[in-house]
2 protein chains.
Amino acid sequence: MPTIYEVAAAAGVSPATVSRVFNGANVSPEKAEAVRKAAKALAFTPSRTARTLRLQSSEVIALVIPDIENPFFTALARGVEDVARAAGYSVVLCNTDEDHDTELRYLDVALSANMAGVIIAAAGGNSDLSGLIARKCPVVAVDRSPHGVDVDAVIVDNRAGGRAATQALVEQGFQRIACITGPSDVETATQRADGWRDAVTAARPTDDRYLRYADFRVEGGAAAMSELLALPEPPDAVFVANNLMSVGALRVLSEQGKLPPATGVAVFGDLPFLPLVPIPITVVHMPARHLGTTAAKLLLERITGDDQPARTIVLRNQLTPVG
Amino acid sequence: MPTIYEVAAAAGVSPATVSRVFNGANVSPEKAEAVRKAAKALAFTPSRTARTLRLQSSEVIALVIPDIENPFFTALARGVEDVARAAGYSVVLCNTDEDHDTELRYLDVALSANMAGVIIAAAGGNSDLSGLIARKCPVVAVDRSPHGVDVDAVIVDNRAGGRAATQALVEQGFQRIACITGPSDVETATQRADGWRDAVTAARPTDDRYLRYADFRVEGGAAAMSELLALPEPPDAVFVANNLMSVGALRVLSEQGKLPPATGVAVFGDLPFLPLVPIPITVVHMPARHLGTTAAKLLLERITGDDQPARTIVLRNQLTPVG
DNA sequence: ACCCTGTCAGAAATCGATTTCACCGTCAAG
DNA sequence: CTTGACGGTGAAATCGATTTCTGACAGGGT
């Protein structure tokens, strides 16, 4: 790798002048030309490492997500990337696998690599953002707003979404509506369950036998669905609180020959394959990409020095009724 | 951010000693203890930026993929990540969106950020890896092996897979078997089409009206399927060369009431939702995660100084017949 | 003729960690 | 008692780009 010194020598100027050429400072046209020629001849690329060390910050933002294989998070990542790239930033994706230690390690990396900022969909409920905050590293929470920390957040109205989805099942005439939600220490999970409870209690007293906490994953959804169907008085409908669990739940329903419309199903989150298969399911659409773009914009504002108090932005999610 | 100098001052030693404590060199127990205490008190984390500059290499590997929203590539990414993390490396995911300029930019970043190596699923056919190679940056190609460059590669036998899938359709008794493949400048696309041609010509002369080059994306698959169905003598079966295009193709078939078994469908790549919906499709399973782990292992070998001639590893992909 | 302003460019300090080099003891072998 | 080896330590050089400081020179106003 050629350095700025070699370019300077080749062009007959000082390293300072080379740096100025690349950063748009005042340099005479002849020297600028000489530098550019020398740089091209040597295939010179300035070292980002050295630049980052000197400037104490880089044009890289970290996106920390719990599951890279969940289409919701990849769509979100696309949103972040689109905005970030347009602003000249690179995005590095960090997959925590819902594990707090891994998450902490990545946050540490973000700090020690002088990254410009962090967008985080926290693993579990109580992520430790104190390190970032103590060092004034810009942070935006997305999808899940971490417990008790005062940072910008971009979320959806989980309770309203859960309520709307469940309400749709009520209106379709189902009597015993179950709920499969995520881990009880994840806010999005409990809030969606709260929405379910809202809609159900309006009709009849809530029965917590019909509420299952699973893990936001395919297998968890399948297991919960099996349990529910094994109840003495099994539910005739189910509200599933995320996309992956609904895949598991539908698989179990399919195995038992109880796919919709035999059973009512409402899902929080998108199922990309739904247009393919004519299963009547109520879907609460998640604006995944929009969550990403919004979070990225917020973060860029913080990076460029905005320091008003933390904001929380709540995006709407749209209900697509059975179809 | 506290530095090694502040820790040294707090512990009453020199910065060199602090460094030695963190890197396992010989230091007397008392001083080591003092350093550790000071470091903890200051919440010191060594700057990776400075470390990377000094060592001229970092424990980060770049994974460059064309489409982060394709489950195949995210599964591959998981594989890479698992191996890399176990070896103490972080993985940064770079999404090129099938765009050569974006790809080139990321490769440049990898170099100038002193990354340890690159795993690349090249966008299009002729990616420019010359910069990496000239600078001896370890590279492994995965899924797609770039045209004419001599680097390690981990691929599947695309032609054999395409042949097997098409053969299955032949055996199911279909007469006019079409093929929807990817861009003609992507090797995986042409090889899978070659496999299709192998199997079809064995039965009857190949008819290139039944061959469509699309874009490896959902909408491309849908458009190609529509065209095929509009032919005077439409095909009665189709081999689709990747997962996303098959979603588009199936959507069109569904709209026209021609879903399997009315039409024969064989797909190269996995469809996660298939267990859910009882559509009889022949699937050529892609060992996505395994591709990732294998590529990562190869790269790690190169990083640790292995410089035997470039190898190409061909993984098997398994056929799951209609079911 | 004098001063002031402004442009251009080089020397050198800086960012924070690693590592070579040099030095001091201490202990064992000769 | 000398010599050598070795463990422990600090001073200082190093990685490559940025930026401050400083000086040289040109042009405009009085």
Side-chain angles (χ1 to χ4, degrees), chain A residues 1-36 38-39 42-60 88 108-116 135-137, chain B residues 1-36 38-39 42-60 88 108-116 135-137:
Chain A
M1 292 287 283
T3 73
I4 206 173
Y5 296 95
E6 299 168 38
V7 174
V13 300
S14 77
T17 300
V18 177
S19 172
R20 286 193 263 254
V21 169
F22 279 88
N23 294 288
N26 280 333
V27 175
S28 73
E30 312 88 62
K31 303 219 172 193
E33 186 48 36
V35 167
R36 260 186 277 276
L42 296 170
F44 166 72
T45 312
S47 157
R48 279 164 213 262
T49 306
R51 180 165 213 277
T52 300
L53 177 60
R54 179 62 231 245
L55 298 182
Q56 294 290 296
S57 97
S58 66
E59 271 99 34
V60 175
D108 219 54
V109 172
L111 272 176
S112 74
N114 300 102
M115 294 192 186
R135 273 137 178 133
K136 305 197 185 314
C137 175
Chain B
M1 293 288 282
T3 74
I4 205 173
Y5 297 94
E6 298 167 40
V7 174
V13 300
S14 77
T17 300
V18 178
S19 172
R20 287 191 261 255
V21 169
F22 280 87
N23 293 288
N26 280 332
V27 175
S28 72
E30 313 87 62
K31 301 217 174 193
E33 186 48 37
V35 167
R36 261 186 275 276
L42 295 170
F44 165 74
T45 312
S47 157
R48 278 164 215 261
T49 306
R51 179 163 214 277
T52 300
L53 177 60
R54 179 64 230 247
L55 298 182
Q56 294 290 296
S57 97
S58 65
E59 270 100 33
V60 175
D108 218 56
V109 172
L111 272 176
S112 74
N114 300 102
M115 294 191 185
R135 273 136 179 134
K136 306 197 186 312
C137 174

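Because the structure is predicted, anything quoted here is derived from the model rather than measured. Residue numbering restarts at 1 for every chain, and letters A, B, ... go by the order of the sequence lines.
Contact check, B:Q56 against D:dG16: a side-chain N or O comes under 4.0 Å of OP1 or OP2. For B:S14 and D:dG10, the shortest distance from a side-chain N or O to OP1 or OP2 is below 4.0 Å. Between A:T52 and the phosphate of C:dC15, there is no side-chain N or O to OP1/OP2 separation shorter than 4.0 Å. Residue B:S19 places at least one side-chain N or O under 4.0 Å from the OP1 or OP2 atom of C:dT18. In terms of phosphate contacts, B:N26 brings a side-chain nitrogen or oxygen within less than 4.0 Å of OP1 or OP2 of D:dG8.
Between B:T17 and B:A50, the one whose closest nucleotide on DNA chain C sits nearer the 5' end is B:A50. Closest-nucleotide positions on DNA chain D for B:R20 and B:L53 were compared, and the one nearer the 5' end corresponds to B:R20.
Within 4.0 Å (heavy atoms only), B:V27 reaches sugar-phosphate atoms of the nucleic acid but no base atom. Looking at heavy-atom distances under 4.0 Å, A:F22 makes no contact with the nucleic acid at all.
In this structure a side-chain-to-backbone donor-acceptor pair under 3.5 Å is present from A:S58 to A:N114.
Atom CG of A:N23 is separated from atom C1' of C:dA9 by 15 Å (rounded to the nearest Å). Spacing between atom CE of B:M1 and atom P of C:dG16 amounts to 9 Å, rounded to whole angstrom units. Atom pair A:I4:CD1 and D:dC15:P shows a separation of 14 Å (rounding to whole Å applied). Regarding B:E33, its CD atom lies at a distance of 18 Å from the C1' atom of D:dT9, rounded to whole Å. Rounded to an integer number of Å, the gap from B:L111 CG to D:dA17 P is 13 Å. A straight line from CZ of A:R51 to C1' of D:dC15 spans 17 Å, rounded to a whole angstrom. A straight line from CD of A:E30 to P of C:dT7 spans 16 Å, rounded to a whole angstrom.
The OG1 atom of A:T3 sits 4.0 Å away from atom CD of A:E6, with the distance rounded to the nearest 0.5 Å.
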Show your reasoning for whether side-chain contact (heavy atoms from CB on, under 4.5 Å) applies to A:T45 and B:L111.
CA-CA 9 Å; A:T45 312; B:L111 272 176; over 6 Å; no
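Closest non-hydrogen pair, B:P2 versus B:F44, comes out as O-CD1, 3.5 Å.
Between the side chain of A:R54 and the base of C:dT14, a donor-acceptor pair under 3.5 Å is found. You won't find any donor-acceptor pair under 3.5 Å spanning the side chain of A:R48 and the base of D:dG16, going by distance alone.
Residues B:R51 and B:N23 form a side-chain contact, since some pair of their non-hydrogen atoms from C-beta on lies under 4.5 Å apart.
Considering only the side chain of A:A16, C:dG10 comes nearest among D:dG10, C:dA17, C:dG10. Across C:dA17, C:dC8, C:dT19, the shortest atom-to-atom separation from the side chain of B:Y5 is found for C:dA17.
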